[in-house]
Amino acid sequence: MEHKILVVEDSPVVLKVLRHLLIQNPAFLPVLCACYEEAKDRLEEPGEEYFAAIVDLNLPDAENGEVVDLVLSHKVPCIVLTSNFDDDLRLSLLNKGVLDYITKDSRYSFNHVIKVVERLRKNQNLKVLVAEDSSTSRLFIKILLEQCRFRVVEAENGQEALAKLEADPEIRMLITDHNMPLVNGYELVRMLRYNARFQDLVIIGLSAEGDNSLSAKFIKAGANDFLKKPFYHEEFHCRVIHNLEAQEMLETIRDLANLDPLTKLHNRRYLFDEGESYYSRAATADTGVVSLAMIDLDYFKAVNDTYGHMVGDDLLAVIGQEIKTAFPDVLACRFGGEEFCIVVNSDYQGEDFLVMLNGFADQVRSKEYTAAKIKITCSVGVCRQAVDSLDEAIRIADNNLYEAKRLGRDRIVSDK
Ligand SMILES: Nc1nc2c(ncn2[C@@H]2O[C@H](COP(=O)(O)OP(=O)(O)OP(=O)(O)O)[C@@H](O)[C@H]2O)c(=O)[nH]1
């Protein structure tokens with residue numbers, strides 16, 4: 001969906017620069033206005049919705065920042081880009097609810113503005129939970145977050161917060177007060193950090209003024225950051241965004257380390273890191289036998305030779321997707337080349353793993369893939385017996401895969 005960005009600026013050069021930077025992102029459609037009246041007409045046009053506005057304070061027909069009130073009265077997030085830095089003016093603008101106040105002191109200022117708009121676009125897909133028993137405080141934080149286009153969920157106490165986090169995996173950030181009934185903020189953070197599911201949740205604690213030990217306690221329990229109340233909303237925005245961006249960067253690095261870039265399945269390294277725990281758990285916790293399958297595409301070299309390496313890549317990517325769809329929530333990885341590996345617990349989806357593998361092989365055989373309409377089959381080797389380690393399971397499945405190839409391909413060979 002395209003987002004209209006209103007730009008109100010009397011300098012044609014600045015308008016041109018902002019337009020150029022905004023259109024680099026196809027999600028943005030800049031709407032340029034050279035004066036207050038033009039902006040007013042645009043905003044009042046029926047059915048027009050603006051995602052954000054970038055405004056200059058000094059316009060030929062409105063010299064004292066009137067455009068800010070105009071934009072805010074239409075409930076459009078407003079970013080001020082101005083040539084004069086003035087502390088009092090900055091404070092008064094931030095109090096009005098301006099999202100950011102950026103001075104045109106270098107060419108980096110323009111990039112900063114674009115970064116703010118891009119952040120807003122990402123925020124609209126992110127849910128933030130505010131856990132706070134005071135409704136006034138909760139509403140204040142909710143308004144601050146909604147200004148940044150976050151989707152906000154509320155909880156009145158720690159227990160409700162926990163229930164909402166359990167029920168809604170889309171919540172990416174928790175902002176929690178400490179003094180709450182049932183479960184307090186500090187206990188809530190401790191509980192969450194003991195649960196692997198919430199490792200990636202960004203947590204910001206709120207501590208009351210004068211309670212110096214609480215902020216440290218929050219951090220020790222696993223919060224990413226804390227804010228002392230009362231806080232200035234510029235600091236609030238900065239901390240929220242910085243912590244979110246740090247977490248996003250961490251996830252990107254983790255993806256780069258663990259995912260195969262072509263198929264988006266896990267890579268071999270991840271299989272060896274995680275797969276062993278399936279077998280150790282099965283041995284110690286009596287969770288049933290783990291099954292492992294090696295899936296190898298047949299005569300894949302011929303695909304490369306006939307259609308070229310790029311088409312071969314496309315085919316591998318689409319087969320990766322097929323595996324993801326056919327076996328959701330399993331440990332599935334690209335083992336190497338045109339070979340894939342799947343590890344499942346015995347209770348996986350309550351279905352027989354061999355039946356599922358047969359269904360998958362039937363589906364691959366019946367389809368035509370890529371623009372070149374390629375027909376392909378796969379051979380599968382399976383290990384379903386109880387073994388002590390991942391290495392042992394791979395060795396058995398690999399032998400069975402070799403046997404499937406030897407018997408003519410397009411088949412599944414399993415040890416039981
Ligand atoms: N396009 C593409 N090809 C790859 C990639 N990785 C490995 N291959 C090719 O996969 C082919 C595998 O060939 P072989 O090991 O002979 O296997 P095959 O042709 O599938 O024959 P069988 O396995 O015996 O049925 C080779 O041509 C590799 O170059 C990749 O990332 N992209």
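Numbering of ligands and ligand atoms starts at 1, following listing order. All residue numbers refer to positions in the sequence shown, counting from 1. Hydrogens, waters and symmetry mates play no part in the numbers below; they use all other heavy atoms, side chains included.
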Open item on the list: Using only atom types and a distance under 3.5 Å, with no angle test, would you say the side chain of Asp177 pairs donor to acceptor with the backbone of Asp133?
Closed with: no
Task: Leu316, portion touching ligand 1 at heavy-atom distance under 4.0 Å - done: side chain
Could you tabulate the donor-acceptor pairs under 3.5 Å formed by side-chain atoms of residues 187-195, not counting sequence neighbours?
residue, atom, partner, partner atom, Å
Arg193, NE, Gly222, O, 2.8
Arg193, NH1, Phe198, O, 2.7
Arg193, NH1, Leu201, O, 3.0
Arg193, NH2, Leu201, O, 2.9
Arg193, NH2, Gly222, O, 3.1
Arg193, NH2, Asn224, OD1, 2.9
Asn195, OD1, Arg197, N, 3.0

TODO: Using the six-membered ring wherever Trp is involved, compare the ring planes of Phe335 and Phe272 and label them parallel, tilted or perpendicular (cut-offs 30° and 60°).
DONE: tilted
TODO: Return the residue, atom name and 0.1 Å-rounded distance of the protein heavy atom closest to atom 24 (O) of ligand 1.
DONE: Arg409 NH2, 2.9 Å
TODO: Report, in ascending order of atom number, the atoms of ligand 1 lying under 4.0 Å from any heavy atom of Gly312.
DONE: 1 (N)
- [ ] Can you figure out which of Asn304, Asp410, Asp313 has its heavy atom closest to atom 29 (O) of ligand 1?
- [x] Asn304
Task: Proximal ligand 1 atoms for Tyr299, defined as those under 4.0 Å from one of its heavy atoms - done: 18 (P), 19 (O), 20 (O), 21 (O), 22 (P), 25 (O)
- [ ] Answer yes or no for Arg149 and Phe51: cation-pi contact, defined as NZ/CZ to six-membered ring centre under 6.0 Å and angle to ring axis within 45°.
- [x] yes
Task: Heavy-atom nearest option to atom 5 (C) of ligand 1, drawn from Arg334, Glu338, Glu339 - done: Arg334
- [ ] List the steps and the verdict of side-chain contact (heavy atoms from CB on, under 4.5 Å) for Val202 and Val128.
- [x] CA-CA 9 Å; Val202 177; Val128 182; over 6 Å; no
Task: Which residue and heavy atom of the protein sit nearest atom 6 (N) of ligand 1, plus the separation - done: Gly337 CA, 3.3 Å
TODO: Could you say whether the N/O atoms of Leu297 and ligand 1 ever approach to under 3.5 Å?
DONE: yes
Task: Tyr279 versus Asp388, closest heavy-atom pair with distance - done: CB-O, 4.0 Å
Task: Aromatic plane relationship, Phe231 with Phe236 - under 30° parallel, 30 to 60° tilted, over 60° perpendicular - done: parallel
Task: Minimum-distance protein heavy atom relative to atom 23 (O) of ligand 1 - done: Lys405 NZ, 2.9 Å
Task: Numbered atoms of ligand 1 (with element) below 4.0 Å of Asp296, judged on heavy atoms - done: 23 (O)
Task: Expected output: side-chain Lys324 to main-chain Lys264 donor-acceptor under 3.5 Å - done: yes
Task: Shortest protein contact, atom 13 (O) of ligand 1 (heavy atom only) - done: Lys301 CB, 3.7 Å
Open item on the list: Please list the nearest protein heavy atom to atom 20 (O) of ligand 1 with its residue and the distance rounded to 0.1 Å.
Closed with: Phe300 N, 2.7 Å
